[in-house]
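A short write-up of the structure that comes next.
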Amino acid sequence: MKITVLAVGKIKEKFYRQAIEEFEKRLSRYCKLQIIEVADEKTPDSASTAEEAAIRGKEGQRLLKYIREQDYVCALAIEGKQLDSVELSQKLERLAIDGTSHIVFLIGGSLGLHENVLQRADEELSFSKLTFPHQLMRVILLEQVYRSYRIIMGEPYHK
């Protein structure tokens, strides 16, 4: 299976990059992983609601360019469905059994995802009601995908 993490913004912090690289290495045993970053928009401190919507729209257009019709798209959104690690592993396994060959996980920028992007998503997932920096969310997502594959394969992984 191919998994793409499609995210707004670049990872600047070395410690996040190192964690991401570690999970890329670990996941290479289980799937073909691709990480695509699209440019984020600068948000003024006093941005209006309309300006924020326009920024999400620009970032959303950049994300949608990378999504194909046949891709299964999971948007990470606070309002999405919360799964535990076993349920996520079952979801990934079920998608593979059903013939899904490419899953795209979307991570928005600091303002979240535009409505057009959420409408394209096959599913919205939430990892918590808490708000995480999008850089950290990339690490959390990769760790949970790795954990899912360990569960699917019946391999031990700390709880």
Side-chain angles (χ1 to χ4, degrees), residues 1-41 59-114 117-159:
M1 177 175 291
K2 181 177 179 182
I3 292 182
T4 298
V5 176
L6 183 52
V8 174
K10 295 203 176 295
I11 301 291
K12 297 176 183 93
E13 295 85 356
K14 182 179 179 181
F15 58 92
Y16 286 138
R17 283 197 317 269
Q18 289 173 326
I20 289 166
E21 289 167 7
E22 177 63 26
F23 284 111
E24 284 179 305
K25 184 174 74 176
R26 292 181 186 192
L27 279 164
S28 67
R29 293 182 51 211
Y30 304 104
C31 66
K32 182 176 181 194
L33 177 67
Q34 178 182 32
I35 297 175
I36 299 173
E37 297 174 332
V38 301
D40 58 345
E41 291 289 314
E59 292 173 346
Q61 288 173 345
R62 292 180 189 134
L63 292 170
L64 290 170
K65 287 180 184 175
Y66 288 95
I67 299 171
R68 299 172 309 157
E69 187 176 325
Q70 66 269 28
D71 294 340
Y72 187 89
V73 178
C74 288
L76 302 190
I78 290 175
E79 309 81 24
K81 182 177 182 181
Q82 291 188 9
L83 305 174
D84 64 28
S85 296
V86 172
E87 290 170 325
L88 180 61
S89 72
Q90 291 168 342
K91 170 77 134 173
L92 293 178
E93 186 173 32
R94 202 168 27 256
L95 286 168
I97 290 168
D98 291 343
T100 301
S101 62
H102 189 198
I103 300 174
V104 178
F105 287 98
L106 299 175
I107 301 175
S110 60
L111 298 175
L113 293 167
H114 189 270
V117 176
L118 294 173
Q119 288 173 358
R120 168 54 187 93
D122 295 289
E123 181 168 14
E124 290 181 34
L125 292 178
S126 173
F127 280 67
S128 172
K129 290 184 188 239
L130 299 171
T131 301
F132 296 107
H134 57 277
Q135 301 94 326
L136 178 58
M137 195 60 235
R138 222 181 287 186
V139 176
I140 294 169
L141 171 64
L142 291 174
E143 189 280 332
Q144 284 299 304
V145 170
Y146 174 68
R147 182 182 297 267
S148 291
Y149 276 107
R150 298 287 293 193
I151 292 169
I152 290 166
M153 302 302 286
E155 297 169 349
Y157 194 73
H158 65 288
K159 297 182 183 205

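Any value given below was found using the heavy atoms of this structure, including those in side chains, with hydrogens, waters and symmetry copies removed.
From I36, atom CD1 reaches atom CD1 of I107 across 12.5 Å, with rounding to the nearest 0.5 Å. How far OH of Y72 is from CG of L95: 5.0 Å, rounded to the nearest 0.5 Å. Here the straight-line distance linking atom CG of L142 with atom CE of M137 works out to 9.5 Å at 0.5 Å rounding. From E13, atom CD reaches atom CD of Q18 across 11.5 Å, with rounding to the nearest 0.5 Å. Of the inter-residue distances, the one linking I103 atom CD1 with L33 atom CG reads 11.5 Å to the nearest 0.5 angstrom. Rounded to the nearest 0.5 angstrom, K12 NZ and R17 CZ are separated by 10.5 Å.
T4 places none of its side-chain heavy atoms less than 4.5 Å from the side chain of D71. Looking only at side-chain heavy atoms (C-beta outward), R150 and R147 stay at 4.5 Å or farther from each other. Under the 4.5 Å side-chain criterion, counting only non-hydrogen atoms from C-beta, I3 is not in contact with L27.
In terms of heavy atoms, L76 sits closest to L113 at O-CD1, 3.7 Å. In terms of heavy-atom proximity, E59 sits nearest to G112 at OE1-O, 4.3 Å. Scanning both residues, K129 and I78, for their nearest heavy atoms gives O-CG2, 4.1 Å. For the residue pair L92 and S148, the shortest heavy atom distance occurs at CD1-CB, 3.6 Å. The minimum heavy-atom distance between A19 and V139, with the atom names listed, is CB-CG1, 3.9 Å. A75 and A121 get closest at one heavy-atom pair: CB-CB, 3.8 Å.
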Show your reasoning for whether side chain to side chain contact (heavy atoms under 4.5 Å, CB included) applies to V145 and V5.
-> CA-CA 11 Å; V145 170; V5 176; over 6 Å; no

Decide yes or no on side chain to side chain contact (heavy atoms under 4.5 Å, CB included) for Y16 and R138, but give the supporting numbers first.
-> CA-CA 9 Å; Y16 286 138; R138 222 181 287 186; over 6 Å; no

Report the C-alpha separation of R29 and E155 in whole Å, then their side-chain angles, then the decisive distance to 0.1 Å, and conclude whether the salt bridge (Lys or Arg N to Asp or Glu O under 4.0 Å) test is met.
-> CA-CA 13 Å; R29 293 182 51 211; E155 297 169 349; 3.5 Å; yes

Y66 and V38: CA distance, side-chain angles, deciding distance, side chain to side chain contact (heavy atoms under 4.5 Å, CB included) verdict | CA-CA 10 Å; Y66 288 95; V38 301; 3.7 Å; yes

Step by step, would you call R62 with V8 a side chain to side chain contact (heavy atoms under 4.5 Å, CB included)?
-> CA-CA 9 Å; R62 292 180 189 134; V8 174; over 6 Å; no

Begin with the C-alpha distance, continue with both residues' side-chain angles, and end with the deciding distance and a verdict on salt bridge (Lys or Arg N to Asp or Glu O under 4.0 Å) for K91 and E87.
-> CA-CA 6 Å; K91 170 77 134 173; E87 290 170 325; over 6 Å; no

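Below 30°, between 30° and 60°, or above 60°: for Y149 and Y30 the angle between ring planes is below 30°, a parallel geometry.
Screening K32, R68, K2 against H102 for a side-chain hydrogen bond (donor to acceptor under 3.5 Å, both in side chains) leaves a single residue, R68. Checking each of Q144, E143, Q90 against S85 for a side-chain hydrogen bond (donor to acceptor under 3.5 Å, both in side chains) leaves exactly one that passes, namely Q144.
Remark: side-chain polar atoms of D84 are paired, donor with acceptor, to backbone N or O of V86 under 3.5 angstrom.
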